[in-house]
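Following: one structure in structure tokens, then a few remarks.
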Amino acid sequence: MTNAKDLITREDHFGAHNYHPLDVVLTRGKGAWVWDVEDNKYLDFLAAYSAVNQGHCHPRILEALVEQSRRLALTSRAFRNDQLGTFYQKLCELTGFTRTLPMNTGAEAVETAIKAARKWAYKVKGVEKDRAKILVFENNFHGRTTTIVGFSSEDQYRDGFGPFTPGFELLPYGDAVVVEQALIAGGDDVAAILIEPIQGEGGIIVPPDGYLTRLRELSTEHNCLLIMDEIQSGLGRTGKLFAYEHEGIRPDIVIIGKALSGGFYPVSAILADDEVMDVFHPGDHGSTYGGNPTAAAVATAALDVLVEENLVERSARLGEYLMEKLRALESPHIREIRGKGLWVGIELHPKAGGARRFCEELRERGLLCKETHDHVIRLAPPLVIEEEDLDWALQTLGQVLSSSPVAATTSQPVA
Ligand SMILES: *Cc1c(COP(=O)(O)O)cnc(C)c1O
């Protein structure tokens with residue numbers, strides 16, 4: 001019999017210490033619920049950072065995974081496979097872009113977008129060799145490769161990993177005037193603006209109304225590409241298929257990942273129209289696993305589930321309900337509540353003692369949340385969550401957030 005303590009000890013003994021997880025050892029999941037090795041049940045309010053929007057172990061996606069991997073799992077792109085075209089078509093028809101390029105992890109898709117933007121700058125826009133510049137934003141999160149952490153504003157993500165890739169300029173998030181100034185100062189060298197339409201890891205930061213629209217106007221005016229990283233915000237999380245749709249705009253490149261596979265398998269991609277995507281020629285870019293038959297079959301099923309179960313509309317409807325109930329919570333600890341759809345950040349007052357201890361307390365009560373930065377509790381349940389489970393979560397959040405700091409650390413009888 002393996003117990004939780006033993007498993008944690010082994011993990012910590014043999015593994016690199018690059019995460020600080022809550023000490024809950026999960027062994028199975030279904031829908032919005034997960035179970036630990038002692039058979040305690042938890043409501044998952046993180047959904048693997050939005051990778052399991054479709055819920056844990058969705059039977060239909062599971063079926064696609066098992067079926068496809070039994071038949072043919074990997075071919076590499078040296079050969080064609082019978083799943084890829086169907087997946088491409090589904091994804092393009094759903095999103096309205098003419099082409100896609102698949103990768104595996106989110107960070108790889110971000111790298112792909114950066115490569116596309118630079119090549120577009122040199123081959124189409126006519127930027128002088130090695131001068132292309134990409135505007136990025138403070139508090140961003142785009143993944144963990146050395147190029148990407150090089151333009152992070154988070155000291156810890158960069159510390160000890162330099163030297164970094166040049167060609168990125170960091171600007172404050174949410175201020176369109178500084179973007180305009182950077183575009184003017186950058187002259188013709190700006191290839192792209194790379195932005196999260198809502199910053200996820202940054203603490204569910206929603207930019208001011210009209211900001212993304214203004215970035216769209218500026219990109220068009222200055223002939224640079226607008227790239228939206230929708231890896232966490234996309235595929236229904238905010239109550240629209242993509243978060244940028246809240247402003248009725250259309251970027252030039254969209255980056256997706258996470259929920260693209262419903263949590264079964266790493267699948268990511270970029271979406272763009274011909275003018276941008278046609279900069280890639282055979283041999284320019286690739287990945288051994290990118291676009292493999294298993295990935296294509298799994299992602300096709302994950303997209304079908306999203307559409308057929310109306311998960312985007314569900315996120316909008318339940319998200320509105322969640323926000324309304326949260327705003328009605330009486331809590332001495334809450335400084336701000338923000339978000340869209342089933343994606344909410346509860347920012348706590350600095351004197352509340354950090355979000356971590358609330359997450360620990362919620363875990364005790366069967367609700368799994370993860371802090372982002374020190375003072376924000378992130379709520380992001382699978383989009384399939386049942387209304388009664390959402391109500392239970394709200395009640396539990398209410399109990400934990402309304403308690404005084406002292407009471408929160410002593411156990412109270414729950415009626
Ligand atoms: C998670 C995330 C990434 C990185 O995805 P990985 O699959 O972890 O590499 C990039 N951008 C955003 C906005 C993300 O949330």
Side-chain angles (χ1 to χ4, degrees), residues 16 18-19 21 46-53 101-117 134 136-154 156-158 161 165 168 170 173-174 192-207 212 215 226-238 240-244 246 251 253-271 287 289-291 295 298-299 302 339-345 370-373 376 378-380 382-383:
N18 60 328
Y19 274 93
L46 180 66
Y49 306 99
S50 290
V52 285
N53 283 1
L101 195 170
M103 286 278 132
N104 311 282
T105 66
E108 288 171 286
V110 172
E111 291 275 354
T112 302
I114 291 168
K115 279 183 160 183
I134 296 178
V136 293
F137 296 87
E138 284 167 11
N139 207 31
N140 70 65
F141 185 83
H142 298 288
R144 301 287 201 161
T145 66
T146 45
T147 288
I148 294 170
V149 298
F151 59 82
S152 173
S153 59
E154 189 71 25
Q156 195 198 349
Y157 296 173
R158 300 162 52 88
F161 298 130
T165 311
F168 298 93
L170 203 53
Y173 187 77
I193 298 172
L194 168 61
I195 194 164
E196 296 156 87
I198 293 178
Q199 289 184 327
E201 300 307 300
I204 326 292
I205 309 292
V206 184
L212 299 177
L215 295 194
L226 182 60
I227 308 174
M228 294 277 172
D229 181 346
E230 292 263 9
I231 291 171
Q232 194 165 158
S233 56
L235 302 176
R237 176 51 59 189
T238 71
K240 298 271 189 194
L241 185 64
F242 292 120
Y244 63 74
H246 290 284
I253 300 179
V254 183
I255 312 169
I256 54 177
K258 294 196 169 119
L260 182 54
S261 62
F264 280 92
Y265 197 91
V267 187
S268 65
I270 70 164
L271 295 158
S287 159
Y289 275 79
V298 163
K340 275 204 164 85
L342 277 173
W343 207 28
V344 176
K370 183 73 169 75
E371 75 277 8
T372 177
H373 287 251
V376 181
R378 162 181 21 204
L379 309 182
L383 308 182

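Numbering of ligands and ligand atoms starts at 1, following listing order. Residues take their numbers from the sequence shown, with the count starting at 1. Everything quoted here is computed from the prediction, not taken from an experiment.
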> Using heavy atoms and a threshold below 4.0 Å, how should the contact between Phe141 and ligand 1 be classified: side chain, backbone, both, or neither?
Replying inline: both
>> With nothing but distance in play, are any N or O atoms of Gln232 less than 3.5 Å from an N or O of ligand 1?
In response: yes
> Quick one: nearest non-hydrogen protein atom to atom 11 (N) of ligand 1, plus distance?
Replying inline: Asp229 OD2, 2.7 Å
>> How long is the straight-line distance from NZ of Lys258 back to CG of Asn53, given to the nearest 0.5 Å?
In response: 10.5 Å
> If you round to the nearest 0.5 Å, how far is CD of Glu111 from CD1 of Ile255?
Replying inline: 10.0 Å
> Quick one: does atom 8 (O) of ligand 1 have a protein heavy atom under 4.0 Å from it?
Replying inline: no
>> Just checking Tyr289: does its OH atom have more than 12 heavy atoms from other residues, nucleotides or ligands closer to it than 6.0 angstrom?
In response: no
>> Can you confirm whether Glu201 sits close enough to Gln232 that some side-chain heavy atom of one is under 4.5 Å from a side-chain heavy atom of the other?
In response: yes
> Relative to each other, are the rings of Tyr157 and Phe141 parallel, tilted or perpendicular (30° and 60° limits)?
Replying inline: perpendicular
>> Return the closest protein heavy atom for atom 2 (C) of ligand 1 as residue, atom name and distance.
In response: Lys258 NZ, 2.6 Å
> Any idea which atoms of ligand 1 are less than 4.0 Å away from a heavy-atom of Ala107?
Replying inline: 4 (C), 5 (O), 6 (P), 9 (O)
>> Does only the side chain of Glu230 get under 4.0 Å from ligand 1, or the backbone, or both, or neither? Count heavy atoms.
In response: neither
> Leu260: what forms a side chain to side chain contact (heavy atoms under 4.5 Å, CB included) with it, not counting sequence neighbours?
Replying inline: Phe87, Leu91, Leu235, Ile256, Val267, Ala269, Ala299, Leu303
>> Would Gly106 count as a polar contact of ligand 1, with the cut-off being nitrogen or oxygen pairs under 3.5 Å?
In response: yes
